[in-house]
Amino acid sequence: MTYKAEYIWIDGTKPTAKLRSKTKIITGGGADLPVWGFDGSSTSQAEGHASDRVLKPVASYPDPIRGGDNLLVLCEVLDIDGTPHESNTRAALREVAERYAAQESLFGIEQEYTFFKGARPLGFPEGGFPAPQGGYYCGVGADEIFGREVVEKHLDNCLAAGLSISGINAEVMPGQWEFQVGPLSPLEVADQLWVARWLLYRTAEEFGVSATLDPKPVKGDWNGAGAHTNFSTKAMREDYKAIIEAAEALGRDDKPLEHIRNYGAGVESRLTGAHETAPWNKYSYGVSDRGASVRIPWQVEVDRKGYIEDRRPNANVDPYVVTRLIVDTCASALEKAGLV
Ligand code: ADP
Ligand code: MN
Ligand code: MN
Ligand code: MN
């Protein structure tokens, strides 16, 4: 059997890493996907004189673009001695997820993004602006909706790849959309979100449209793009005391700043206190409160169990980083409080 394996990895671009991929033709029926290599000097992952870096397959999915037996292969980047490259944030998540595995953490991440056609968001007229925000969120009709054919194709591609997408919706600004991944374990949700992002760019390519995770693609009175991160542990899914402890833990000591600093480049430009955000430098949580840093959904208060929503992460956040920080902060606090 001969098939195409699209090896996908996360590069070393700062402050926000980019996705890269290249194709390996695989012949023969070996069960294991082989390790491979690339030129790290072209991806900000090496200097020119010793530029070989290693791609280690960690997850694979049916390739919905090429179909057939072809695969999408998500990789970790290693140095040639087999240790994780400094750009490899998945390695650190592996350790933390393992340490707190008994708490059975689950995440659902809401990925917002914006389509661009040339230099303008899709739906923005050449020069000037569309009608102010108000009717676009979950809207319908050609005067309000821009890019639905791309969104539908992306959704189909994600489902065909076996990704756990839980929904999609049009967002507050024209050309802005959201899909949700999860609930899944920390490694699964982060792996699948990176692959769903790759599929977003790749699907939009066919329509001559680009997608961006820029947290504030249009300055002024236009919503930014976030990646609300919904989180629960087994205890939180059973006991409201654990919900409150998790929300409290995220606000304790130096945690608010440690999290904010790692929630995506340009987070201050989005978390202004306007447009359904809390100011980046003031931690708060509340029931049903979309103006708080962390929201406890109303249903969770009614049921006295469930999950919390961290509304601070930017659209461009690294899901390996946000899930690691939340598990580390909340699972350790729940353990300390005897709530596990
Ligand atoms: P909203 O737009 O109202 O903030 P969404 O419906 O877009 O909410 O997203 C809610 C997310 O919460 C979904 O991704 C879902 O998978 C996730 N979720 C639901 N239950 C849990 C849970 N127990 N633990 C973690 N995530 C959860
Ligand atoms: Mn949502
Ligand atoms: Mn949203
Ligand atoms: Mn949300």
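Note that ligands are numbered from 1 as they come in the structure, with each ligand's atoms numbered from 1 the same way. Hydrogens, waters and symmetry mates play no part in the numbers below; they use all other heavy atoms, side chains included. The structure presented is a predicted model; accordingly, all values stated were derived computationally and were not measured.
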Would you mind checking which non-hydrogen protein atom is closest to [atom], with the distance to 0.1 Å?
atom	value
atom 3 (O) of ligand 1	Arg290 NH2, 3.1 Å
atom 12 (O) of ligand 1	Asn230 CG, 3.3 Å
atom 27 (C) of ligand 1	Pro183 CG, 3.9 Å
atom 21 (C) of ligand 1	Tyr307 CD2, 3.5 Å
atom 5 (P) of ligand 1	Glu110 CD, 3.8 Å
atom 23 (N) of ligand 1	Ser232 OG, 3.3 Å

Report summary line: The atom of Glu110 among N, O or S that is nearest the Mn ion (ligand 2) is OE1

Requested in this report: State the atom name: nearest N, O or S atom of Glu178 to the Mn ion (ligand 2).
Outcome: OE2

Query raised in the report: Taking the six-membered ring for Trp, is the centroid-to-centroid distance between Trp280 and Tyr263 below 6.0 Å?
Result: no

Query raised in the report: Taking the six-membered ring for Trp, is the centroid-to-centroid distance between Phe107 and Phe231 below 6.0 Å?
Result: yes

So with a 6.0 Å cut-off around [atom1] of [X], is the heavy-atom count from everything else above 12?
X	atom1	value
Lys234	NZ	no
Ile80	CD1	no
Lys14	NZ	no
Lys24	NZ	yes

Pull out every atom of ligand 1 sitting under 4.0 Å from any heavy atom of [X], numbered as shown with elements.
X	result
Glu309	4 (O)
Ser166	13 (C), 14 (O), 16 (O)
Arg295	1 (P), 3 (O), 4 (O)
Gly182	16 (O)

Query raised in the report: Within the stated cut-off of 2.8 Å, is an N/O/S atom of Glu112 closer than that to the Mn ion (ligand 2)?
Result: no

Query raised in the report: Applying the ring-ring contact (aromatic ring centres under 6.0 Å, His included) test to Phe124, which of Trp222, Phe115, Tyr136 qualifies?
Result: Trp222

Requested in this report: Start with the C-alpha gap between Lys153 and Glu206, add the side-chain angles, then the distance that decides, and say whether salt bridge (Lys or Arg N to Asp or Glu O under 4.0 Å) holds.
Outcome: CA-CA 10 Å; Lys153 187 70 196 164; Glu206 315 246 309; over 6 Å; no

Query raised in the report: Nearest 0.5 Å, what's the CZ-CZ distance between Arg324 and Arg94?
Result: 12.5 Å

Query raised in the report: Arg311 to ligand 1: N or O pair under 3.5 Å?
Result: no

Requested in this report: Answer yes or no for Arg20 and Tyr7: cation-pi contact, defined as NZ/CZ to six-membered ring centre under 6.0 Å and angle to ring axis within 45°.
Outcome: no

Query raised in the report: About how large, to 10 degrees, is the angle OE2 of Glu309, then the Mn ion (ligand 4), then ND1 of His228?
Result: 90°

Report task. Check each heavy atom of Glu112 against ligand 1 and say whether those closer than 4.0 Å belong to the side chain, the backbone, both or neither. Result -> neither

Query raised in the report: For ligand 1, which part of Glu178 has a heavy atom less than 4.0 Å away: the side chain, the backbone, both, or neither?
Result: side chain

Requested in this report: Quick one: do His85 and Ser87 satisfy side-chain hydrogen bond (donor to acceptor under 3.5 Å, both in side chains)? Show the steps, please.
Outcome: CA-CA 5 Å; His85 185 261; Ser87 63; 2.7 Å; yes

